[in-house]
Amino acid sequence: MIRIENLHKSFGQAESAIIALRSVNLDIAAGEFVALYGASGSGKSTLLNLLCGIDSPTAGQIIIDGKDLAALTDDEATLFRRNTVGFVFQFFNLLPTLTVLENVILPAQLNGLSRRDAEARGRHLLAQLGLDDRWQAMPDTLSGGQQQRVAICRALMNDPSLILADEPTGNLDSETGLHILSILKDLSCQKQKTVIMATHSHHAARFADRLFQMCDGELFEMPRPTAFPDVTKSG
Amino acid sequence: MFRLFRIFNSRHLRRRPLETFLVLLGIALGVAVMVGIDLANQNAIRSFRESVETVSGRATHQVVGGPAGVPDSVAAWLMRQTGIEAAPILEYLALCREAGDQPVRVLAIDPLADTFFRDLAPLQEDEEMTTSFSASSGSPLNSSPNAKQVERAVQTLIKLMTIPGHALITESFAGKLGVDESDSLNLLISSEWKKVVIAGMIPARVDDRLSDENLLVVDIATGQELLNRPGFVDRVDLIGDEATMEKLRQLLPPPLKISRPERRSEYVDSMLRSFRLNLTALSLLAVFVGMFLIYNTMMFSVLQRHKQIGILRCLGVTRRQVVGDLFLEATLLGVCGAALGLILGYFLSRYTTPTVGTTIRDLYVHIQIAGVQVDSRIMLKGFLLGLIATWIAALVPALEAARVAPAVAVRRSSLEIRASRFAPRFAILGFTFLLATVVLAFVPGGVLYGFAAALVLALAAVLLTPLFTIGMSRILSSPIQQRAGTPGLLATRGIRGALSRTSVAIAALMISLSMVLGMQIMINSFRASIETWVGSILRADLYVSPLGGATARWQAALPDDFLKMIASQPEVAALNTYRASEFEYNGRLIYLVSIRGEVLMERTDFIFKQGSDRDNWQALRRGKVFVSESFAQRFAITAEDSLELSTRHGRRFFHVAAVFVDYSLDQGQVMMDHATYAASWGPARINSAGIFLKPETNVQDFLNRVRAASAKTFAVQINSNRELRQQILEVFDRTFAITHVLQVLATIVAFIGIVSAILSLLIERTREFGTLRAIGMSWAQMRRMIFLESGLMGGLASLLAMPTGFALALVLVHVINVRSFGWSIALRTHPMEYAQIAAIALAAALLAALYPMWRLQKISVAAALREE
């Protein structure tokens, strides 16, 4: 589903340039749950942004379902994000002026789906994640876990084939975080969504089928051991 | 505190150069408008006052008379009194052919008596000249160079006093014209060109403004002949103590009296007070609107730094230090903005000063404003007001900053929740203010109650804005979403979600638009009322006035020969003659007007406030008087009241027959028949005439014939009825030119407020926009959302501005105008006025979104998502 070839990303120019990604190569099949594990500043979010098409590489290629992302125009990239990708943010990024249901159905409405159909699907998704009774609530009245579940519903609204989650449990307590991770796992196993998750938590990384460690912009695939260095404790 | 300011505030200001600049500009424009208007008013009054004081010289008192002036016999008697110095004066502003359109002051004096009052002698050393002249008795003096000078000066004075038609000219004026002794000048006096010969020069003197003027000095006898004032002078200047003046007062025959020279300036000051007060009130509006801009920007700045303030509080910064810090920031902005405003205000005054001068010349008195002089008191007042306005506007944001608890995680939505909660309370206060507006409008009193009513009305509208915004955005949300989809939904929610900022920006634009609408309704209603009034009183086919009236105003008269010539034409059915003269009544300047009652009764349609037209005119012809509305309002006079006026026979009562509508003389006028006037003050010198032609006459042919016949002999202006109406409306339009400028400036300040608010809101929601782009919102959808949001803000502002503007027009027309000028105006409104406001609001709001939209497009989605 995803092929990354010799991906390179740097910020700034000349001697002061910061290299976020160096020669990253990666193949991911459809339905895989992939974790990008590494400390802050290792390049995880940068890679996710490139996969989503909201940033562009300095060099290299990203091919998703046969499409070279770099060749897409801005409008094509927007449509790609809308229909192929569901993004789950660390800080949820729900719109504070919209209700829970309105937040969830937003991607569908951007696609022109009628409000009635969008609401029906949205409520179905909320029910699946146990939030049907809060569909009229405003986001700031929800707990962190609830907000993240709403964000996952939003990400699933247009039935994307790819879910990108950037530190989805970073702002949650461990119990809630585990719940979110199990939802993501379900999406991968039962709904055949490709899930790519950036995390610095080894607990979260264990949920993945494949684990890649990111360090100083380089990507290394690792076996799925039960124990490995906890980068949250490293310097 | 300064260290904290240096670390915390100054860097924030430097990192936000555009927002900082917009605040500075908002403050600067408000201060500039106020300073520009104040300087214009001040320069106009100063010019007039200086000219009065310059001519008065060292006089401590003046004897002035009624419309005819002071008789020669009284002047001679005063000059014989011991214990005082007395000098008779005639004064006239003439046009001089050789000077183009520059007016020249003609002073007719007694050269010997005048030396105690003014330095007009043709020699630098007055005492030497006077002593030599007195001693010489015509004998030649010795032949030293100084003595030759003195002798020449003496000869000049003798020429001046003995040969008619000779004049002294100031050296500066002679230099401008390129003339010398023995050259002649042509002066337009009333409607005749008259020649004077230059007998000598008045040298320039240091610290003597008179020697810098365009001035001609003639002997009193020459002056009486030139100005056609045989047996009278305008006034007699006096030097003496108050005790002596008191004795003289008892001896003077009516209607003569003794007053102070500065009284004339005070009259004019009083005459112009309402006009100046209205301009000043308008200028304060720009400051008022600017305060919203300052508030919005500072509030946004506090919200942006909420987290940092929380951290500072954690580190031990007290609430008082936070507040003090914010006020220091506000002070810096206020000082810089006000300083910029002073510079802009000076440049603005270079436009407003001549414009105000033109209006004063059109409506009140002739003034010549030499240039713009900067008054340090006005600059200081403007500066302080700008600074105080900034502090007031910064108060709420500073208190908001003080509320920030020592914590890192802060709910940004708390302010918006409070704003929504307070909206109904503000609305209740707003309705209370509306009631207060009604009370203030009906409280009897001066014009200040009217201004207070307008201010309270504006505050009421501002307080109603948050609830109005919430309500309307809810009502409009569904239809907008149906038409515009998700961008529409997000636009309406966005306005409600940032209510503490959007409602302020909407309020600022609304206030500015209300003022524009209110003024426009008032001006259009006024114009319509004037057109109706002009149609009712201007019924003559032709109107004639002396060309010299352009500068000399009511002093210029039509010659009897000309009037006889006109009256003798077979085409003339009737001739109305008109005389206006300044008169003091109850310490204020009014006008006595005399007309031919039998003509106007049949041929015009005066708008009376009571009684039948026929009865009123019959009463006038029997010796009663009409008073204008402004007179009645100013002095609380009604029909059936009596006025006591000083005549040449002593004080007499004149019974009021009716009050009539008049817009020509806002000081107020008392109108009577010529016979009534002549019985009290002597025959009237006619200022203008209205010619009624027989129905079969070709008006244009008659006009051309009269113009041709009078061209060589009389300098008169003859206008057709249509031409005169056009001129009146042109004067009206010119009068409000400066008002339009002030409206535009206030709207610019509001526009800056909207730009600043939208920019702030977009920057604050950068991460939100990044999220929308990340989940698939296209740029086209985002642009639509932003334009809808700003367009909706403009639309809401215009919706609320419409009833507010109309209410303001009611206050302007029925309270402020009546109490300022005594005019009653029929309020009329037209749908185009409202459409114009809506168009301005939408255009302003949409334009305001352009730059913020462009700036947002430059931020990458990834960077936007990283924003705090």
Side-chain angles (χ1 to χ4, degrees), chain A residues 9 11 20 45-50 52-56 73-99 102-115 118 138-141 151 154-158 160 164 166 171, chain B residues 409-417 420 470 473-474 477-478 481-499 502 761 764-785 789 857 859-868:
Chain A
K9 177 68 182 178
F11 298 99
S45 298
T46 305
L47 182 53
L48 287 187
N49 288 344
L50 290 170
C52 185
I54 60 176
D55 203 350
S56 48
T73 63
D74 184 75
D75 281 348
E76 287 166 346
T78 301
L79 286 173
F80 165 74
R81 284 198 296 279
R82 197 188 292 173
N83 295 312
T84 309
V85 180
F87 211 116
V88 179
F89 302 91
Q90 178 181 2
F91 293 103
F92 330 128
N93 285 6
L94 298 179
L95 293 167
T97 56
L98 302 182
T99 62
E102 286 169 342
N103 266 286
V104 169
I105 67 174
L106 197 48
Q109 293 221 278
L110 290 172
N111 247 356
L113 191 65
S114 74
R115 192 175 176 99
M138 301 304 285
D140 61 358
T141 64
R154 181 179 65 188
L156 295 173
M157 189 63 203
N158 284 343
L164 301 175
D166 191 358
N171 242 22
Chain B
V410 180
R411 279 182 64 195
R412 300 173 76 191
S413 61
S414 60
L415 174 66
E416 300 308 334
I417 292 169
S420 295
I470 292 172
S473 61
R474 277 199 185 130
S477 180
S478 188
Q481 196 191 354
Q482 276 174 12
R483 295 298 301 270
T486 302
L489 171 72
L490 291 170
T492 52
R493 296 293 178 87
I495 287 177
R496 279 215 307 275
L499 189 69
T502 53
L761 287 167
E764 190 180 271
R765 288 154 64 190
T766 299
R767 189 159 77 163
E768 190 179 309
F769 293 138
T771 303
L772 286 168
R773 288 284 288 138
I775 66 173
M777 181 177 251
S778 66
W779 271 121
Q781 287 170 321
M782 182 148 288
R783 271 194 296 272
R784 203 176 321 144
M785 179 187 76
E789 191 167 330
Q857 272 185 270
I859 304 174
S860 73
V861 178
L865 286 170
R866 285 196 293 270
E867 283 286 315
E868 288 287 327

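Residue numbers begin at 1 in each chain, while the letters A, B, ... track the order of the sequences.
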Which answer fits B:Glu768, side chain, backbone, both or neither, if we ask what part of it has an atom under 4.5 Å from a heavy atom of chain A?
-> both

For the residue pair B:Leu865 and B:Thr771, establish whether any side-chain heavy-atom pair is separated by less than 4.5 Å.
-> yes

Anything in residues 102-114 of chain A with a heavy-atom distance to chain B below 4.5 Å? Please list those residues in order.
-> A:Glu102, A:Leu106, A:Pro107, A:Gln109, A:Leu110

Rounded distance (nearest 0.5 Å) linking atom CE of B:Met782 with atom OG1 of A:Thr78 = 9.5 Å

Close side-chain approach of B:Arg474 to B:Arg496, heavy-atom, < 4.5 Å | yes

A:Leu47 side, atom CG; A:Cys52 side, atom SG - distance, nearest 0.5 Å | 11.5 Å

Hey, what do you get for OG (A:Ser45) to CG (A:Asp166), rounding to the nearest 0.5 Å?
-> 3.5 Å

If contact means a heavy atom pair closer than 4.5 Å, which residues of residues 86-94 of chain A contact chain B?
-> A:Phe89, A:Phe91, A:Asn93

How close do A:Gly53 and A:Ala77 get, heavy atom to heavy atom, and via which atoms?
-> O-CB, 4.3 Å

Residue from A:Arg81, A:Arg115, A:Met157 scoring the most non-hydrogen pairs under 4.5 Å with chain B is A:Arg81

In terms of heavy-atom contacts, A:Pro160 and A:Ala155 come closest through CG-O, 3.1 Å

Write down the atom of A:Thr97, the atom of B:Gly497, and the distance for their closest heavy-atom approach.
-> CG2-CA, 3.5 Å

Sort by residue number and list every member of residues 773-780 of chain B having a non-hydrogen atom under 4.5 Å from chain A.
-> B:Arg773, B:Ala774, B:Ile775, B:Gly776, B:Met777, B:Ser778, B:Trp779

To the nearest 0.5 Å, tell me how far B:Ser478 OG sits from B:Arg483 CZ.
-> 12.5 Å

Any side-chain heavy atom of B:Met785 sitting closer than 4.5 Å to one from B:Leu772?
-> yes

Could you please state which residues from residues 485-493 of chain B sit under 4.5 angstrom from chain A, measuring non-hydrogen atom to non-hydrogen atom, sorted by number, or 'none'?
-> B:Thr486, B:Leu489, B:Leu490, B:Arg493

Could you check if a side-chain atom of B:Ile859 sits within less than 4.5 angstrom of a side-chain atom of B:Phe769, using non-hydrogen atoms only?
-> no

Scored by heavy-atom pairs under 4.5 Å with chain B, the best of A:Asp74, A:Asn158, A:Asp55 is A:Asp74

